[in-house]
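Okay, so here's the structure we're looking at.
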Amino acid sequence: MVHWQKSLISFVFLSVMLAFAYLQTQAPAARADTSLDYAALSRHVSIIAARPHPIGSVANREVRDYIVEYFESLGLETEVQKATVVYRHPFQPESATAIGHVENIIARLPGTSRAAGKPVKDLVLMAHYDSRKDGPGAGDDASGTASIMEVARIMAAGPAPVHDVIFLITDGEEMGLFGAQGYFRQHPAARDVGLVLNFEARGSYGTSSMFETSKGNAWLIEQLLESIPDLNAGSLSYEIYQRMPNDTDMSISRGEGIAGLNFAFISGLYDYHASSDTPENLDKDTLAQQANYVLASAQHFANLGEWQSATGNKTYFNIWKGVVVSYGQGQAVIFGVAVLLFGLWLFVAALRSGAISWRSLGTGLLSLLALIILVSNVFESLIDYQRTADAGIARLISLGEWPLLAYFVTTLGLVGWFAHALKRGFGKTGIYIVVSLLALMCLLAGRPWLSAVVLVLILIPVLRFIGSRASPPNLWAAALVLWWLLAALALYLAPNASYMFIWPLASVLLGVALLGRYDNSRGRFVVVLASSIIPLILLPPFIVLGYLALGSTMPQGIMILTALSLLLVWPLIRAIGLLADGKLNMAILGAGLLMTAVVVFGRGFDTRHPLGEDLFYAIDVDQQQGFWVSSDVRPGSWLSEFMGKDTSEDNMSRLLPGYEQEVLIRETPLPRFKAATLELSNDQSIDGKRVISLHLQSPVGAEYVNLLFPTDAGISSASVNGFPIVVPGTKTEVDSEIKKADAMKEKDKTQSEAWWRWRWYGLPEEGADIVLTLTADRPFEVKIIEVDYGMPKEAPLRPVDSMPKPYTWSDSLVMFQTLEFD
Ligand SMILES: [Zn+2]
């Protein structure tokens, strides 16, 4: 076989494998063989997600009524659980307290076991009905809610299941998992729950996958695979998710020791918590898949007899859509150790035969280091440049998976070019040109000049050293050694996550062993292709999902993994580059850089991907002044036109002392308004301490109220509607989330620590009662910030390519006031 043939075959082979891998991350076409009514499913979504409906809003109460009426129409015993939930989120600083008034929807389908007098545990199907104020929440989480409603219809019409099935549609998930806390920590029926299936979303399309389980999942996974043969799931995602700060309602049930399985889809991050999370933008196949997952898993678990309690954990992963491999942790360890030993044996044999030496391995590892620095620097510069551009990261996210393709081609070109340069030897001039270009990129991207200096100091000597000594085989050997180490580390830390390293390594090592047995080039080429299959099945979907999950803001990590994966299948990549003596590598690199440039400088925002712009109306109650405020200090054209010439650059501390943030402010005539009241209803002395009772009420029905108490007011205990509130400086109850929280500690350090902040959601119309015990008898101030979602009628109309900026007070009326108590 001549070079161009091998080169072409390898390129086509790689492209086809990657295309297959990408398809794995997409939802399959909606199944026809199901009892689900897809039209009804879409109707539910379009009604629930007709507009934003955050906790405490009128729109949310309408959604609640719609769901309650629907469950009642099915003949299900339906209840609305009103609960006050008070907690301190472990990721927030100590001085942050959250309070939520939730209305959970609970419908029950009685099972046969209870009637027969031999009750078994209840099955909970869970999703949340509230959205954020920033978007209508079609994906998050009307998709889950609608799926559960449709499954309730099917199950209520069918034969009674063995287990009672509870359709739990929680409220207030978005602002702090309030509904789940209200149910699992306060509802008397929660103690009978044996299993929770939770359905969530972080985007608008892509395959739904079962990404989280409770501990001891072996039996659950076996049963789940029986119920959903075409499941998409991987035990690696479970291991990763456990170590991430993300939370869903299942964090609460799992924290209460209840078994659970968690499903979500994550493609289309741009629509997450944004005004574009609309029914039209929610992929129909994804919705259908989610609903089919609910139906299949619910019917299966509800009809099993007694569920088994926690057993060991399992390894499970897809090798193709609908093909899941699973085995126990014990087997994972045995396979893993066997592969590692095989690798060690090959290594020793290669050392003995002189195929590699410690010296060649050393230069190989140095080359690997240089390549990783190269790749990481390119992508770190790129992302830092985007950060300095207006809404640059948002623009990247709006492009979905396209940036990943551009980055991938760039990395493929970089790896090929680098290896080819190793083969030829780096010329001195070449080294200085490349390193200076990289340093220049560093500086242009606005990174600290120190990183450019460090780059020059490390890369120049390393490249000069390896220039004449290293070769591509050294680099490959070093990459295999690194994969071996990563596999060993994964096996040690999380055996059920090690498959992602162990199987690709095993496949390539087998190829290495076989390569030695073939001396004809055709045979060797077949071995090269065959040994690349497993790595190309397992690694690319992980890279795509990794990019979607967290890579859009830190592509350097994902691209280092990509470079290491390409090196793992190096003989294949080398075969691609055979053509035209390495010039093809340069062409690929050039194409990648061009694609990356299009991604970075290309498309702006449009109707489908509107630009998030912050604008809210502020009333300073104390000064009797009205303002338009925006945290976008470099506003887009619409916003800058509206803010006009009278705008001044200012600081949030003008409205809220202690909260430093640059903002644009424009004064505007004050409309008529009614601010919240905090009235003293009782003031007495008990055991030498001053106990005061206050009544908080918001006449405008603000969905979100902040109360700020000075930390030096001497508050020793506090309660809301009789629920105690943990005072900062005292210990909270031990929470399963605390562990995760350690990693996120001190996040909000910028906020003033002078205030104890209560974030209050869904304050009822009749208000709420607060009781404070004060150790000191001195006057103190309370600040109230009322956030009433929705703009006053004087607000400007947004153009279609602009949306409220997520995670801000955008499109709200915000009232600031200070009250004195003496
Ligand atoms: Zn959600």
Side-chain angles (χ1 to χ4, degrees), residues 44-45 48-57 59-60 63-64 67 85 89 91 98 100 102-105 124-149 167-184 196-212 237 241 244-255 260-279 281-283 286-287 289-291 293-294 548-550 703 737 761-762 806-807:
H44 293 321
V45 170
I48 295 168
R51 55 190 172 126
H53 49 285
I55 173 177
S57 66
N60 203 38
V63 170
R64 174 203 65 195
I67 301 167
V85 176
H89 194 283
F91 303 151
V102 292
E103 302 192 22
N104 291 326
I105 302 165
V124 163
L125 305 183
M126 177 161 67
H128 64 89
Y129 72 93
D130 66 308
S131 75
R132 288 186 79 96
K133 78 159 176 54
D134 310 302
D140 178 18
D141 188 16
S143 65
T145 302
S147 299
I148 291 176
M149 289 165 74
F167 306 100
L168 171 62
I169 313 295
T170 63
D171 186 12
E173 188 270 355
E174 295 291 358
M175 304 324 293
L177 316 177
F178 290 115
Q181 297 188 67
Y183 184 78
F184 290 103
V196 173
L197 306 176
N198 187 50
F199 298 88
E200 263 285 5
R202 214 198 73 166
S204 53
Y205 64 94
T207 186
S208 175
S209 91
M210 197 286 293
F211 66 99
E212 184 196 9
S237 72
Y241 186 80
M244 289 203 355
N246 304 45
D247 273 310
T248 69
D249 279 341
M250 209 186 97
S251 305
I252 304 301
S253 58
R254 205 190 53 197
L261 297 167
N262 208 350
F263 302 75
F265 49 92
I266 63 167
S267 296
L269 179 61
Y270 197 74
D271 299 324
Y272 179 57
H273 293 169
S275 73
S276 56
D277 191 8
T278 59
N281 292 341
L282 174 63
D283 184 71
T286 298
L287 176 62
Q289 186 193 26
Q290 187 81 314
Y293 278 1
V294 181
L548 292 173
L550 42 92
E703 287 89 348
E737 292 164 53
Y761 298 95
Y807 311 106

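In listed order, ligands and their atoms are each counted from 1.
Protein N/O/S atoms closer than 2.8 Å to the Zn ion (ligand 1), listed by chain and residue number, are H128 NE2, D140 OD1, E200 OE1, E200 OE2.
Applying the side chain to side chain contact (heavy atoms under 4.5 Å, CB included) criterion to A264, with sequence neighbours excluded, gives E200, F211. Qualifying side chain to side chain contact (heavy atoms under 4.5 Å, CB included) partners for S204, counting only residues two or more places apart in sequence or in other chains: D271, R608. Listed by chain and residue number, nothing satisfies the side chain to side chain donor-acceptor pair (under 3.5 Å) test with S131 (two or more places apart in sequence, or in another chain).
Y272 places none of its side-chain heavy atoms less than 4.5 Å from the side chain of I266. Using a 4.5 Å heavy-atom cutoff, the side chains of E703 and Y761 are not in contact. Side-chain contact check for H273 versus D140: some heavy-atom pair is nearer than 4.5 Å.
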